[in-house]
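Report on the following structure.
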Protein chains: 2
Amino acid sequence: MDLALIEKAANAIADKHRLSIIMEVVKKGKLICGDVCEFTCLSQPTVSHHVKILVDSGVLHSSKNGRIVELTLNKEMMKQLSMFFLQLS
Amino acid sequence: MDLALIEKAANAIADKHRLSIIMEVVKKGKLICGDVCEFTCLSQPTVSHHVKILVDSGVLHSSKNGRIVELTLNKEMMKQLSMFFLQLS
DNA sequence: TCCATTAATTTAAACATTTCAATGTATTAT
DNA sequence: ATAATACATTGAAATGTTTAAATTAATGGA
């Protein structure tokens, strides 16, 4: 297991707002960036910043559909994280 | 599952040095703070700072034995993290 | 084309984290 | 007692993160 990957994913998760974005994606199945602005009450640039960290780390998956960016959970990453911590437990 | 707990643990893990401390604890079973200074090449106060974050977050367990602090992995926390990510995958 | 919409980027500020030297505290050994 | 050891705390500098206003880029519709 690549520790740099774990570190980056952990960093993405280690933020109140980003964790709430993750949980909302889990709840809704998918989100668009505009939705994130609404329920977090953060500005659009701030949301863009957080979404970038989540996507770059591999925690979320993004797909552009016209001018709309759709965010979904990267379940493969969740599986890898689960396995990593399972091995340590 | 308490998200604040996840966030705090993720934060503890989201650092190169702290992650390497965790892996060394896993490898050796237990460590004392002095060992951490050696293998990380960090100063004693810096190690004390990182160890505090790891212990406060519940990732590591510490027990004082005279003037020596022994660090071990909190496997219960690893189990909880594993379960959290399993549920998301 | 021109305008509205959605998101990314730039910039700068406020804030938080990391780091170590110096110092303090607690414990052990002489 | 005194000195040495192991770790914690304080304080300050360097660095990194978060945030939003302003701007830019890209897409879709009238």
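Chain naming here is simple, since letters A, B, ... match the order of the sequence lines and numbering starts at 1 in each. Computed from heavy atoms alone, side chains included, the values below leave out hydrogens, waters and symmetry copies.
- To the nearest angstrom, C1' of C:dT28 lies 10 Å from CD1 of B:Ile68.
- Residues from residues 21-33 of chain A placing a heavy atom under 4.0 Å of any atom in DNA chain C, listed by number, are A:Ile32, A:Cys33.
- If you chain together hydrophobic residues whose side chains sit under 4.5 Å apart, A:Ile6 and A:Met83 never meet in one group.
- You'll find the side chain of B:Val47 reaches within 4.5 Å of the side chain of B:Thr40, heavy atoms only.
- A 4.5 Å side-chain heavy-atom check between A:Asp15 and A:Leu19 finds every atom pair outside the cut-off.
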Name every donor-acceptor pair, under 3.5 Å, that has one atom in a side chain of residues 25-32 of chain A and the other anywhere in the protein, sequence neighbours excluded.
{"from": "A:Lys28", "atom 1": "NZ", "to": "A:Glu24", "atom 2": "OE2", "distance (Å)": "2.7"}

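- Residues that satisfy the side chain to side chain donor-acceptor pair (under 3.5 Å) test with A:Asp35, not counting sequence neighbours, are absent from this structure.
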Query raised in the report: What string of B, S and - do you get for nucleotides 16-21 of chain C, 5' to 3', if B is base contact, S is sugar-phosphate-only contact and - is no contact with any protein heavy atom under 4.0 Å?
Result: --SBBB
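- Identified under the ring pair (Phe, Tyr, Trp, His ring centres under 6.0 Å) test for residues 62-89 of chain A, with sequence neighbours left out: A:Phe85-B:Phe85.
- Between A:Lys75 and B:Leu88 the shortest side-chain heavy-atom distance does not fall below 4.5 Å.
- In this structure, A:Glu7 places its CD atom 13 Å from C1' of D:dG16, rounding to the nearest Å.
- Judged by distance alone, with hydrogens and angles left aside, the side-chain atoms of A:Arg18 form no donor-acceptor pair with the main-chain N or O of A:Ile13 at under 3.5 Å.
- A straight line from CD of A:Glu70 to P of C:dT5 spans 20 Å, rounded to a whole angstrom.
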Identify the pairs formed between an N or O of the protein and an N or O of nucleotides 25-30 of chain D at a distance under 3.5 Å, and give each distance.
{"from": "D:dT27", "atom 1": "O2", "to": "A:Arg67", "atom 2": "NH1", "distance (Å)": "3.0"}

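- Looking only at distances, no side-chain donor or acceptor of B:Thr46 sits under 3.5 Å from a matching main-chain atom of B:Leu42.
- Under a hydrophobic clustering in which Ile, Leu, Val, Met, Phe, Trp and Tyr are joined whenever their side-chain heavy atoms come within less than 4.5 Å, directly or via other members, B:Leu81 and B:Leu5 fall into the same cluster.
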